[in-house]
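Reading through the structure tokens given below for one structure.
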Amino acid sequence: MHRSDRPGMIQQNENGPFDPGRIEKAETLLTRGTACYPYTFDRTETVASARARFDGIGHDPSAERLRLAGRLYTIRNHGRTVFADLGDETGRIQLYLRKMDLGDETFALFVDLVDRGDFVGVEGRPFRTKVGELSLWVDEIVVLCKALIDLPEKFHGLKDTEKRYRQRYLDLAMNEQVRETFRTRSLVISGVRTYLSDRGFLEFETPTLQPVYGGANARPFTTLHHYLDQTLFLRIAPELYLKRLVVGGFERVFEISKNFRNEDIDSSHNPEFTMVEAYEAYRDYNGMMDLTEDLISTLVREVHGSTTLEFGGKTLEFAAPWRRMTMEEAVREHAGIDTLSLPLDDLARIADERGIPGREKATTPREHLVLFFEALVEDRLIQPTFVHDFPIENSPLAKRHREKEGFTERFELFIDGMEIANGFSELNDPRDQLDRLRAQDRRRLEGDLEAQMVDMDFITALGLGMPPTGGVGIGLDRLVMLLTGHTSIKEVILFPQMKPLRGTGTPGTAPGE
RNA sequence: GGGCUUGUAGCUUAGUUCGGUAGAGCGACGGACUCUUAAUCCGUAGGCCAAGGGUUCAAAUCCCUUCAGGCCCGCCA
């Protein structure tokens, strides 16, 4: 492929994306015997640590010498002295360099050949400048990596949303609050892992490439295994494999799973997203609501420092207990419709009056209930709220409700109108499961792109017996959105899926195809 | 899929309403400067104005198409 004439956001020339001036400087460094890319640098501490330890220092330099390393973010040259800002993962600190301290040769090398964006290692003594800026009085400096591409402009920085997503490394390098968002994301993931591990759940990895997909209603990605000459699907959920583990005797299992759904991309959907799914034997959906409530409120408290947080101008309260209501109650309370006590004619009339989308397909009271809920209620569930007892038609993997005919023991958690979690008393009657998956498969063959397949191996596993089990899946991207105050999922996914730039490759072709 | 909106130098952008050969700041390059922090001062280079087509004597500007982004709506977590 000829890369040099590719259009797109990354400027290309005969040097690739690199700046010719910087290449020349790198070569000059080498001819002067200075490595551009040395192997190590022994720093004594991080910027944040140094800042904390020398917070009280005055104008006279400390006797203690520090070695710090990081990227240069600004350089202010005053002739025989230079101020620069050095940033590492923990923060930034000002450097003070003088010709008379470094010596003519090193000083000239720094001024002539080191640019903003380069990584350097420095040694010197902390002090506070006249105007009160904690700084490092540097008397030794080495290049640790010569950057060949300029950083964005220093004052405005990088704001272009598209470029931020496409070149996230640049976004991270320039924007501390973006690093903070992803630091939070990491804390959430490890917090979930710790919480479940501490309670005896074992973490497993189940197949991402699946011959039969299932566990959710969604359109899958399809791929081909050449050696097996077999069509495989990228998982839409790990559910059916995790239940196999419960069949096999693991009583508490979880997986932090990347799932793939071949659907639209928007501010709350990315084709690959992260969920945690957890299953616990001898527990039902009530127990899983308890678990979800405790897990999320614990995470919010640990990561955020309190159980209340601001999101989109609203104050969300995560302290348990959370509101729990049946779907029927939710529709009655928020839409004023007592769905199941009204005749079908009245329901159809109400649906017409309120202009409910999809109303023409609803032929039973339960279908109207779901329509009313989705159209009139979901958006109004701002505070963390469990809605439970879903109609059986759209819950093929949930156990029938122990009392209510036509309903399942399923719940969903809503926060600020977003579905955050979904769980149920897991269906473990193998014949019922087979019937319900067959019904799904009929819908699929009739053209429902999101209906499920019959996974006969899963049915076989259930036939062997699965204890009563509760399960839940929690959308971690959305949880991170809540915790970081972002309303776009692209802000909490490091490398969100973007449309390809024209001419940036040959889509869908791997070597040898 | 529908609506609105954006794309100008490496970065941030002015200019688009009312067509007249693209202007700035930062950055780069050259020079001055020993406590600055968007350092300052002097000078230089850098743009087929997202791509393609059309209207016109003349298009960044008007029209059409395409590409990419953002926001809102519909559907999925």
Side-chain angles (χ1 to χ4, degrees), chain A residues 7-11 13 17-22 24-25 59 73-85 92-101 107 112 115-117 127-135 137 148-166 170 174 215-220 236-237 257 259-277 357-358 374-375 378 394 412-414 418-422 448-450 473-479 481 487-491 496 498-504:
Chain A
M9 298 190 59
I10 297 170
Q11 302 299 311
N13 54 40
F18 310 134
D19 179 79
R22 284 178 178 255
E24 198 180 323
K25 288 180 184 177
H59 186 59
Y73 280 93
T74 56
I75 299 173
R76 297 179 288 284
N77 189 337
H78 289 254
R80 266 167 280 188
T81 66
V82 174
F83 290 93
D85 295 316
R92 294 189 188 182
I93 192 167
Q94 176 168 270
L95 307 179
Y96 180 54
L97 306 97
R98 301 195 309 180
K99 191 175 193 174
M100 63 182 290
D101 299 323
F107 189 78
D112 294 339
D115 294 307
R116 189 165 166 264
F127 78 111
R128 201 169 281 282
T129 62
K130 270 185 194 167
V131 293
E133 177 85 20
L134 178 61
S135 308
W137 195 313
L148 297 185
I149 297 173
D150 290 339
L151 289 178
E153 198 249 7
K154 64 189 172 193
F155 183 56
H156 296 93
L158 178 65
K159 293 232 187 73
D160 182 83
T161 312
E162 178 180 0
K163 188 154 190 172
R164 286 185 45 235
Y165 296 157
R166 288 191 192 274
L170 197 53
M174 294 303 297
N217 287 60
R219 209 173 156 181
I236 57 174
S257 165
N259 298 337
F260 305 86
R261 300 190 185 175
N262 211 338
E263 291 155 357
D264 284 1
I265 297 172
D266 64 27
S267 57
S268 60
H269 296 87
N270 194 63
E272 54 181 296
F273 65 102
T274 305
M275 284 184 67
V276 58
E277 284 200 11
E374 289 175 350
E378 275 188 16
N394 295 312
E412 288 187 347
L413 169 65
F414 290 88
M418 280 195 295
E419 184 191 331
I420 298 293
N422 178 23
D448 182 346
L449 295 170
E450 296 179 353
I474 301 171
L476 295 182
D477 308 281
R478 290 182 177 178
L479 198 56
M481 287 168 70
T487 53
S488 168
I489 201 167
K490 285 187 170 72
E491 292 289 355
M498 304 286 280
K499 287 190 192 172
L501 293 169
R502 201 151 41 120
T504 51

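Labels below follow one simple rule: chain letters A, B, ... track the order of the sequence lines, proteins then strands, and each chain is numbered from 1. Computed from a predicted structure; not experimentally measured.
- Interatomic distance, CZ of R98(A) versus CZ of R80(A), reported as 11.5 Å (0.5 Å rounding).
- For G1(B), the paired base is C73(B) (Watson-Crick or G-U wobble, both distances below 3.5 Å).
- Under the Watson-Crick or G-U wobble criterion, with both distances below 3.5 Å, U40(B) is paired with A32(B).
- Heavy atoms from other residues, nucleotides or ligands lying under 6.0 Å from CZ of R164(A) number more than 12.
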What does the list of N/O pairs under 3.5 Å between the protein and nucleotides 23-27 of chain B look like, with a distance for each?
unit_1 : atom_1 : unit_2  : atom_2 : d
C26(B) : O3'    : K154(A) : NZ     : 3.2
C26(B) : O2'    : E153(A) : OE2    : 3.4
G27(B) : OP1    : K154(A) : NZ     : 2.5

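- Across all strands shown, U21(B) has no partner, as no Watson-Crick or G-U wobble contact with both distances under 3.5 Å is found.
- Here Y96(A) and F127(A) bring their ring centres to under 6.0 angstrom of each other.
- Nucleotide A68(B) is matched to U6(B) when pairs are restricted to Watson-Crick or G-U wobble geometry with both distances under 3.5 angstrom.
- Counting only heavy atoms from C-beta on, K130(A) has its side chain closest to C35(B) among C35(B), C33(B), C29(B).
- U61(B) is unpaired under the Watson-Crick or G-U wobble criterion, no partner having all donor-acceptor distances under 3.5 Å.
- Between the CZ atom of F414(A) and the CG atom of N422(A) there is a distance of 8.5 Å, given to the nearest 0.5 Å.
- Remark: the backbone N or O of L148(A) is not paired with any side-chain donor or acceptor of D19(A) at under 3.5 angstrom.
- Taking every side-chain heavy atom of K490(A) into account, G70(B) is the closest of C75(B), G70(B), C35(B).
- Nucleotides C48(B) and C75(B) have their C1' atoms positioned 43 Å apart, rounded to a whole Å.
- Across D115(A) and K25(A), no two heavy atoms sit closer than the pair OD1-NZ, 2.5 Å.
- G27(B) is unpaired under the Watson-Crick or G-U wobble criterion, no partner having all donor-acceptor distances under 3.5 Å.
- Taking atom C1' in both G69(B) and A51(B), the straight-line distance is 15 Å, to the nearest Å.
- Residue whose closest nucleotide on RNA chain B sits further toward the 5' end, between F127(A) and E263(A): F127(A).
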